[in-house]
Colleague: 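Here it is, the structure in full.
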Amino acid sequence: SQQGEEDPQALSIQEGENATMNCSYKTSINNLQWYRQNSGRGLVHLILIRSNEREKHSGRLRVTLDTSKKSSSLLITASRAADTASYFCATAAGSSNTGKLIFGQGTTLQVKP
Amino acid sequence: DAGVIQSPRHEVTEMGQEVTLRCKPISGHNSLFWYRQTMMRGLELLIYFNNNVPIDDSGMPEDRFSAKMPNASFSTLKIQPSEPRDSAVYFCASSLAQHENNQPQHFGDGTRLSIL
């Protein structure tokens with residue numbers, strides 16, 4: 001079964017607006033990570049939030065985690081055209097120590113200049 | 001610092017041919033992952049290694065697919081014989097897996113494979 005499910009599948013906004021993407025998962029996790037993928041490139045790690053954390057910030061990124069609802073959100077504030085990319089959440093199972101992650105299907109974000 | 005290096009970046013070949021994709025993980029990383037990405041199926045984990053040992057190959061689609069990691073700095077994914085439905089972007093990623101699993105994965109830029 002799919003562990004991480006992103007919502008929405010696609011999002012189009014104007015430069016300067018905020019973008020919010022959501023991720024839901026099914027099983028218990030050790031941590032949840034967000035990645036960005038630019039067209040034609042590999043995934044790039046953005047931010048990691050541990051299961052005992054509720055919110056984390058990194059520059060214009062804000063991630064929240066609600067383990068009771070098994071969901072996370074990624075907020076990008078003051079978006080720029082360069083933020084145009086696909087964004088994936090990934091979960092690490094609590095019992096694994098081999099680094100395995102389960103990736104969701106991703107949200108495609110388009111930021112119009 | 002060099003990231004994960006994959007080769008070739010692009011491969012176009014005819015069905016039935018053998019295809020070998022190569023990956024050099026980040027030095028010091030002890031876990032290596034092979035993924036396949038398509039529009040229809042998204043990002044799929046094919047196989048991953050920890051300390052050069054295959055841990056889980058349940059994502060490998062068929063016996064036509066095989067992967068090896070002869071040492072800590074090199075891995076290959078082989079498809080023999082290749083079929084058009086194998087066309088996809090194949091990614092390699094590595095990480096430093098530790099207790100509690102709180103480490104990100106680092107991806108290469110992938111190999112875009114087209115089987116005609």
Side-chain angles (χ1 to χ4, degrees), chain A residues 1-10 21 23 25 27-53 56 58 61 63 65 74 85-108, chain B residues 2-7 9-10 21 23-26 28-59 69 89-112:
Chain A
S1 62
Q2 187 67 40
Q3 175 72 320
E5 298 282 353
E6 282 94 342
D7 168 55
Q9 288 189 338
M21 288 158 269
C23 168
Y25 57 91
T27 62
S28 65
I29 61 170
N30 182 281
N31 67 72
L32 186 144
Q33 305 178 25
W34 285 91
Y35 289 76
R36 182 187 73 226
Q37 183 180 30
N38 290 95
S39 180
R41 305 298 299 273
L43 279 70
V44 174
H45 179 259
L46 294 176
I47 194 166
L48 180 154
I49 185 165
R50 293 178 171 78
S51 59
N52 61 354
E53 297 176 313
K56 201 160 185 180
S58 177
L61 305 181
V63 169
L65 179 65
L74 170 67
S86 292
Y87 292 82
F88 296 85
C89 69
T91 53
S95 60
S96 171
N97 64 353
T98 57
K100 178 182 177 181
L101 297 175
I102 306 293
F103 284 85
Q105 294 295 314
T107 292
T108 300
Chain B
V4 174
I5 300 173
Q6 291 187 246
S7 64
R9 285 298 312 277
H10 303 275
L21 311 182
C23 176
K24 178 178 169 57
I26 291 173
H29 282 188
N30 60 357
S31 281
L32 183 141
F33 307 82
W34 282 101
Y35 294 91
R36 177 172 68 177
Q37 187 177 42
T38 61
M39 289 293 292
M40 290 295 294
R41 303 169 77 98
L43 192 66
E44 302 173 276
L45 177 63
L46 300 177
I47 184 172
Y48 72 102
F49 298 82
N50 182 246
N51 294 321
N52 310 339
V53 176
I55 302 300
D56 183 356
D57 66 354
S58 60
M69 192 164 187
V89 182
Y90 290 81
F91 288 102
C92 175
S94 69
S95 73
L96 178 60
Q98 299 174 327
H99 179 59
E100 296 188 347
N101 210 19
N102 288 327
Q103 296 296 325
Q105 289 185 11
H106 298 258
F107 282 72
D109 277 335
T111 295
R112 184 172 295 275

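Quick note on labels: first sequence line is chain A, next is B, and so on, each numbered from 1.
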Colleague: If you measure from CZ on A:Phe88 to CD on B:Gln37, what distance do you get to the nearest 0.5 Å?
Modeller: 5.0 Å
Colleague: What residues form a side-chain contact (heavy atoms from CB on, under 4.5 Å) with B:Arg9, not counting sequence neighbours?
Modeller: B:Asp109
Colleague: Looking only at heavy atoms, which two atoms of B:Gln103 and A:Gln33 are closest? And how far apart?
Modeller: O-NE2, 3.3 Å
Colleague: So which of B:Pro104, B:Gly42, B:Ser94 has the largest heavy-atom pair count under 4.5 angstrom toward chain A?
Modeller: B:Pro104
Colleague: Verify the neighbour count for atom CD of A:Gln9: are there more than 12 heavy atoms of other residues, nucleotides or ligands below 6.0 Å?
Modeller: no
Colleague: Let me confirm one number: the CZ-OH distance from A:Phe103 to B:Tyr35, rounded to the nearest 0.5 Å.
Modeller: 4.5 Å
Colleague: Surrounding NZ of A:Lys56 (heavy atoms of other residues, nucleotides or ligands, distance under 6.0 Å), is the total greater than 12?
Modeller: yes
Colleague: Name the region of B:Asp56, side chain, backbone, both or neither, that has any atom closer than 4.5 Å to a heavy atom of chain A.
Modeller: side chain
Colleague: Could you tell me the separation between the CZ atom of B:Phe107 and the NE2 atom of A:His45, rounded to the nearest 0.5 Å?
Modeller: 10.5 Å
Colleague: Mind checking the CG-CG spacing from A:Leu43 to B:Leu43? Nearest 0.5 Å is all I need.
Modeller: 6.0 Å
Colleague: Give, for atom CD of A:Gln37 and atom CZ of B:Phe91, the distance between the pair rounded to the nearest 0.5 Å.
Modeller: 4.5 Å
